Structures are given as C-alpha cells and as structure tokens.
Number of protein chains: 2
Amino acid sequence: MTRNPASKETARKPNMREAILAAAEELFATNGFNAVSVRDIAQAAGANPGSVTYHFKTKDGLLLEIYRRHCGPMNLRRSELLAAAKRVRDLQDRLEAVVRAYVVPAFTSGSDLAGGGARFTRLRAVMSAEGNEVARKIIAQTFDDTSHAFIDAIHESLPHVPRTDIVWRSHFLLGALYYSLVTPDRVSRLSRGEADGSDAASAIEQLVQATVAAFQAPALDQAAPARRRPVVSSKT
Amino acid sequence: MTRNPASKETARKPNMREAILAAAEELFATNGFNAVSVRDIAQAAGANPGSVTYHFKTKDGLLLEIYRRHCGPMNLRRSELLAAAKRVRDLQDRLEAVVRAYVVPAFTSGSDLAGGGARFTRLRAVMSAEGNEVARKIIAQTFDDTSHAFIDAIHESLPHVPRTDIVWRSHFLLGALYYSLVTPDRVSRLSRGEADGSDAASAIEQLVQATVAAFQAPALDQAAPARRRPVVSSKT
DNA sequence: TGATCTTTTGTACGATAGTACAAATCACAT
DNA sequence: ATGTGATTTGTACTATCGTACAAAAGATCA
C-alpha cells in the first residue's frame with residue numbers, strides 16, 4: 001500500500017501508469033496511432049517521456065497494454081449479456097436482445113474502467129482504419145470467437161437466412177457502430193441539430209432498431225437473385 | 001504534346017503527377033495519412049521526393065488534390081443516379097433505387113478515374129477515422145449537400161419515419177459502407193471463406209438489401225418509446 | 001538511519017520526417 | 001540547333017520522432 005496502509009483493499013493509487021494509459025487511449029482514439037507522439041502522451045498525462053518507456057517499453061507496447069486492459073472485461077460482459085439474451089423465449093425479442101448485447105458494451109463502460117467502453121471502441125475503429133498491425137493481431141484472436149458466438153446466436157433466431165448474409169449484416173452492424181463513435185457530429189449536423197450524435201442512449205436505440213430490421217431482411221442468396229434489375233446500372 | 005504532336009486535344013501524357021496522385025491515394029487509403037511519408041509516395045510512384053513538393057507544394061496539398069480529383073465526378077454521378085431513382089414510381093422500388101444510387105458510386109469507378117471509386121471511398125473512411133483536418137473540411141462542404149439530397153429522397157419514400165431516424169440510418173449506411181471497404185477480409189474470415197468481402201458486387205447487394213430493410217424499420221421516436229424494456233440492462 | 005528497490009527525470013542519440021532549393025534534364029517552338 | 005520554360009533530380013536543413021540510459025527522487029523495510 002503506498003498511501004493508505006490502514007485500508008486492506010488495494011485502493012487505487014493515482015498512478016502515473018494509469019494516467020499514461022488513459023491519455024494514450026484518448027489521443028490514439030481521436031487522432032490515430034501515428035499522429036500521436038510519445039511526447040504528446042506524456043505531456044497529456046503530466047508525465048515525462050521517459051516514463052512511458054519505463055512502463056511500456058515501446059509505443060507499440062503501450063497500445064498493446066490498452067487492448068489487454070479492455071478486451072477481457074468487454075468480452076466477459078458481452079458473454080454475460082449474450083447468455084442472458086439467449087434465454088429470451090420470443091424469437092423476435094431474442095434477436096433484439098442479442099443485438100443489444102453486442103452493441104451496449106461497445107458504448108458503455110466495461111466494468112471498473114471509467115466510461116472507457118465508447119473510447120476503447122472508437123480506438124478500435126481508428127486502429128482498424130489505419131490497418132495497425134498490433135491491433136489487427138490482437139483483435140482477430142480476441143474478438144473473432146465472440147463475433148462467431150453472436151453470429152450463431154443471430155442465426156438461430158433467423159434460421160431461414162443464410163449464415164453468409166448474417167455475417168455481412170453483422171459486419172455492417174460493426175461498421176455502423178464504429179462510425180457512430182468516430183463521427184457523432186455528422187449526425188447532429190445532418191439532422192440540423194434535431195438529433196445528438198454524441199448521445200449514447202440514442203445511438204444504441206437507433207442502431208439496435210435499424211440493425212434488427214436489417215437482420216430480418218429476406219435472404220438475397222439464390223432465393224431472389226434480384227427481384228428486378230434496378231434502374232441503376234453500373235456504367236452510365 | 002509530348003509524343004503525338006499531330007493530335008490537337010491535350011491528350012493524356014503519362015505524367016509523373018498522375019503517378020504520384022495514384023500512389024498517394026493507394027498508400028493513404030491503406031495506411032492512413034501520417035503513416036505514409038512523402039518519400040514512400042515518391043518511391044511507389046517511381047518519382048523523386050522533390051517532385052512531390054514541386055507538384056503539390058505540401059503533403060496536405062497532395063491530399064487536397066486527391067479529394068478535388070474525385071469529389072466532383074463522384075457527386076455528379078450520384079446526382080444522376082439519384083435523379084433516375086426518384087423517377088421510379090413504386091415506392092418500395094424507389095427506396096431501393098435511391099439507396100443503390102448512394103452506394104454504387106462509392107464502390108465503383110467514378111467516370112474516367114480508373115477503378116478509383118472504392119479506393120477513394122476507403123481513403124475517405126480512413127481520413128474520417130483519423131480525424132484528418134484537411135479531409136474534414138472538404139468533406140463537410142462537398143458531401144453534405146449530397147447527403148441531404150439522399151436523406152430527403154429517402155424520407156419521401158418513407159413519410160411515416162421521422163427525419164431524425166432517417167439521418168441515423170443513413171449514417172449507419174455510410175459506416176457500414178466504409179467498414180466494408182476498410183476490412184473486407186473480416187467478412188471472408190467470419191464466413192469461413194463462404195463469402196468474399198472484397199467482391200464489390202456482393203458487398204453492394206448485401207448492403208442495399210440490409211439497408212433498405214433498416215430504413216423500413218418502424219420509427220422508434222415517441223410512437224413506441226420502447227416496446228418493452230429489454231432483458232439487457234446497462235449495468236450488470 | 002541506511003540499504004534496496006521502484007519510479008521519475010533529464011538528456012542524448014540516431015533515424016526519419018516535411019520541405020526548400022539549386023542544379024540538371026527534358027520538351028518543344030523558333 | 002538553340003533558347004526557354006517546365007519538370008525532375010539530388011541534396012541539405014531543421015524539426016521531431018522513438019528509444020536508451022544514467023542520474024535523481026521516492027518508497028519500503030531491516
């Protein structure tokens with residue numbers, strides 16, 4: 001115990017390490033990995049540049065630690081919510097519950113980490129866009145299981161839709177989710193102020209509603225190869 | 001005329017300038033703005049670093065020129081397709097045509113620019129994620145009109161859905177669109193090889209189908225504040 | 001208190017960034 | 001052929017990057 005030897009619980013020491021992690025997470029999530037220097041992070045955390053090296057060895061190591069911090073809790077939370085959702089009897093309600101179990105943890109705090117859900121999800125979105133290698137590896141090996149679990153759960157609610165379609169649509173869901181966290185101001189702007197893109201509750205409800213409908217769309221595979229060739233051709 | 005003095009029209013000279021633009025577009029779109037150096041671009045284009053400075057003055061100027069190259073043609077194409085879509089009589093068909101008019105130009109070539117639609121859209125996605133200032137400005141002032149036009153057109157096909165919901169759903173559409181271009185391999189992976197995320201035709205059909213259904217979802221505004229509180233609460 | 005371990009600081013090094021600019025080269029009209 | 005303007009090259013400058021490392025400071029316990 002550093003400061004409070006009396007209390008038994010490992011009370012939070014206001015650690016530099018934590019401050020650096022938080023600052024890095026914020027900066028990476030808003031500006032990307034390469035646009036942010038170790039010195040930027042140190043300054044934002046009120047630390048010395050050398051301190052970053054001491055705690056995380058390299059800049060990549062810092063990013064890796066951010067991921068380690070969040071992936072576990074977030075996946076755990078999703079598993080719990082998914083398990084609960086799968087117990088819903090009504091098929092329509094279950095689909096919505098499953099989608100919600102996927103979406104909610106991405107927007108809200110993952111257990112003890114203060115309000116970090118949205119920030120970390122945004123970070124993932126940005127790293128994904130930048131093609132960051134460190135992130136790509138850890139994401140594939142951490143989230144693919146969860147993604148499969150969700151895809152399977154959704155597929156159970158929609159047996160008549162081919163799995164391929166479910167995959168595409170869940171991919172769209174993740175894209176929509178990411179983009180909502182990356183550019184919330186665009187929603188406010190395009191709605192002329194009538195909607196607040198930064199409001200997590202609205203985003204969640206809108207996203208769940210829209211996504212459930214998307215999942216319920218008829219399969220497009222062989223069933224209806226194209227119910228009619230559209231007005232729009234590929235070449236003018 | 002460099003090679004063919006007989007022809008009057010300022011025929012395309014296979015310019016270094018074009019090669020630099022193409023290389024920069026490709027590199028920015030896959031690695032982000034900050035991860036790519038002017039020297040990287042020059043090398044990929046088979047040019048000298050100084051040549052980039054000569055043609056575009058700064059790295060920002062190069063990015064700006066890329067946007068200038070694409071924004072005009074792409075918006076024009078979208079306007080044409082939108083105009084055609086709005087002439088569709090059947091309301092359901094019209095909605096699909098409008099969505100298609102929005103999606104198709106993003107995936108396919110914009111007029112003469114070789115296969116640049118998808119690449120440029122991916123570039124926009126990445127710049128958006130990185131919060132790039134140059135891109136942010138030019139995008140807001142170039143695409144917001146188009147976006148409003150599409151939102152209005154969709155709203156006309158779905159008068160009972162509040163405009164706010166349309167905005168959210170079109171935002172989700174753009175996010176899904178972006179993400180499909182940024183991480184197509186994820187689709188292939190999650191579908192265990194059954195789908196090809198890089199196949200533009202599949203992506204378009206899947207996206208259109210899913211999005212039309214999403215737009216047609218019931219309004220969630222006051223009509224049904226929440227048809228039942230879901231199984232999933234925000235806090236465990 | 002003094003010894004020991006952890007953390008923070010300060011500074012420095014080599015690599016690479018964006019950009020500037022003079023010299024070399026090229027295209028082409030005269 | 002030659003002069004002229006456009007382009008390309010080569011190189012250099014300064015700033016900043018990630019990282020290393022020794023010294024200072026702080027914490028812990030005999």
Side-chain angles (χ1 to χ4, degrees), chain A residues 1-8 10-25 27-28 30-67 127 130 132-135, chain B residues 1-25 27-28 30-66 127 130 132-135:
Chain A
M1 202 58 37
T2 65
R3 194 111 312 180
N4 193 3
S7 74
K8 214 32 150 277
T10 322
R12 59 186 60 258
K13 32 180 183 176
N15 238 352
M16 198 81 280
R17 189 184 150 93
E18 299 299 325
I20 292 170
L21 278 170
E25 198 180 307
L27 287 172
F28 286 156
T30 49
N31 302 106
F33 185 76
N34 293 287
V36 176
S37 74
V38 172
R39 287 167 177 84
D40 291 337
I41 296 165
Q43 184 167 25
N48 189 284
S51 214
V52 177
T53 307
Y54 170 71
H55 284 291
F56 308 101
K57 205 62 190 169
T58 68
K59 199 183 168 189
D60 277 355
L62 173 52
L63 181 62
L64 200 69
E65 181 58 24
I66 293 174
Y67 272 82
M127 293 304 112
E130 283 188 319
N132 184 286
E133 266 305 295
V134 176
Chain B
M1 203 56 37
T2 64
R3 197 108 311 182
N4 190 4
S7 74
K8 221 11 157 289
E9 80 278 3
T10 322
R12 59 186 59 256
K13 30 181 183 178
N15 239 352
M16 197 81 278
R17 189 185 149 94
E18 300 298 325
I20 293 170
L21 278 169
E25 199 180 306
L27 288 172
F28 287 157
T30 49
N31 303 105
F33 185 76
N34 294 287
V36 177
S37 74
V38 171
R39 286 168 178 82
D40 291 337
I41 297 165
Q43 184 167 25
N48 189 283
S51 213
V52 177
T53 308
Y54 170 73
H55 283 292
F56 308 101
K57 204 62 189 174
T58 68
K59 198 181 168 189
D60 277 356
L62 173 53
L63 181 63
L64 201 68
E65 182 57 25
I66 293 173
M127 294 303 112
E130 283 189 318
N132 184 287
E133 267 304 299
V134 176

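So you know, we letter chains A, B, ... as the sequences are listed, proteins then strands, and number each from 1. Predicted model only: the values in this text are computed from it and were never measured. The figures that follow rest on heavy atoms only: side chains count, while hydrogens, waters and symmetry mates do not.
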**Request:** Whole angstrom is fine here: how far is it from CD1 in B/I20 over to P in C/dT19?
**Result:** 14 Å
**Message:** How many whole angstroms separate atom NE2 of A/H55 from atom P of C/dT7?
**Reply:** 6 Å
**Request:** Using atom CG of A/L62 as one end and atom C1' of D/dG18 as the other, report the distance to the nearest whole Å.
**Result:** 12 Å
**Item:** B/L21 to B/E65 - nearest heavy-atom pair and separation
**Value:** CD2-CG, 3.9 Å
**Prompt:** Looking only at heavy atoms, which two atoms of B/L27 and B/I41 are closest? And how far apart?
**Reply:** CD1-CA, 3.8 Å
**Complete:** side-chain hydrogen bond (donor to acceptor under 3.5 Å, both in side chains) filter on A/S37, not counting sequence neighbours, yields A/D40
**Message:** Within the 4.5 Å heavy-atom criterion, are B/H55 and B/N15 side-chain neighbours or not?
**Reply:** no
Please write out the pairs of protein N or O atoms and N or O atoms of nucleotides 14-16 of chain D separated by less than 3.5 Å, giving the distance to one decimal.
none

**Request:** Rounded to the nearest 0.5 Å, what's the gap from CD on A/E130 to CG on B/N34? Could you check?
**Result:** 7.5 Å
**Prompt:** At what distance, to the nearest 0.5 angstrom, does NZ of B/K59 lie from CG of B/L64?
**Reply:** 14.5 Å
**Asked** Can you check whether B/F33 reaches B/D60 side chain to side chain, under 4.5 Å on heavy atoms?
**Response** yes
**Complete:** Taken to the nearest 0.5 Å, the spacing of A/E25 CD from A/Y67 OH works out to 10.0 Å
**Whole-Å distance separating the CZ atom of B/F28 from the C1' atom of C/dG18** = 12 Å
**Message:** Starting the side chain at C-beta, find the nucleotide from D/dT9, C/dG18, C/dT7 nearest to B/K59.
**Reply:** C/dG18
**Prompt:** What is the distance from OH of B/Y54 to C1' of D/dG10, rounded to the nearest Å?
**Reply:** 17 Å
Tabulate atom names and distances for all N/O pairs under 3.5 angstrom spanning the protein and nucleotides 20-25 of chain C.
none

**Prompt:** Given side chains that start at C-beta, do those of B/F56 and B/I20 come closer than 4.5 Å, heavy atoms only?
**Reply:** yes
**Prompt:** Whole-Å distance between C/dT8 C1' and A/N15 CG?
**Reply:** 12 Å
**Prompt:** Tell me: CG of A/L63 to P of D/dT19, nearest whole Å?
**Reply:** 12 Å
**Fill in**
Rounded to whole Å, the CD1-C1' distance (B/I41 to C/dG18) equals 11 Å
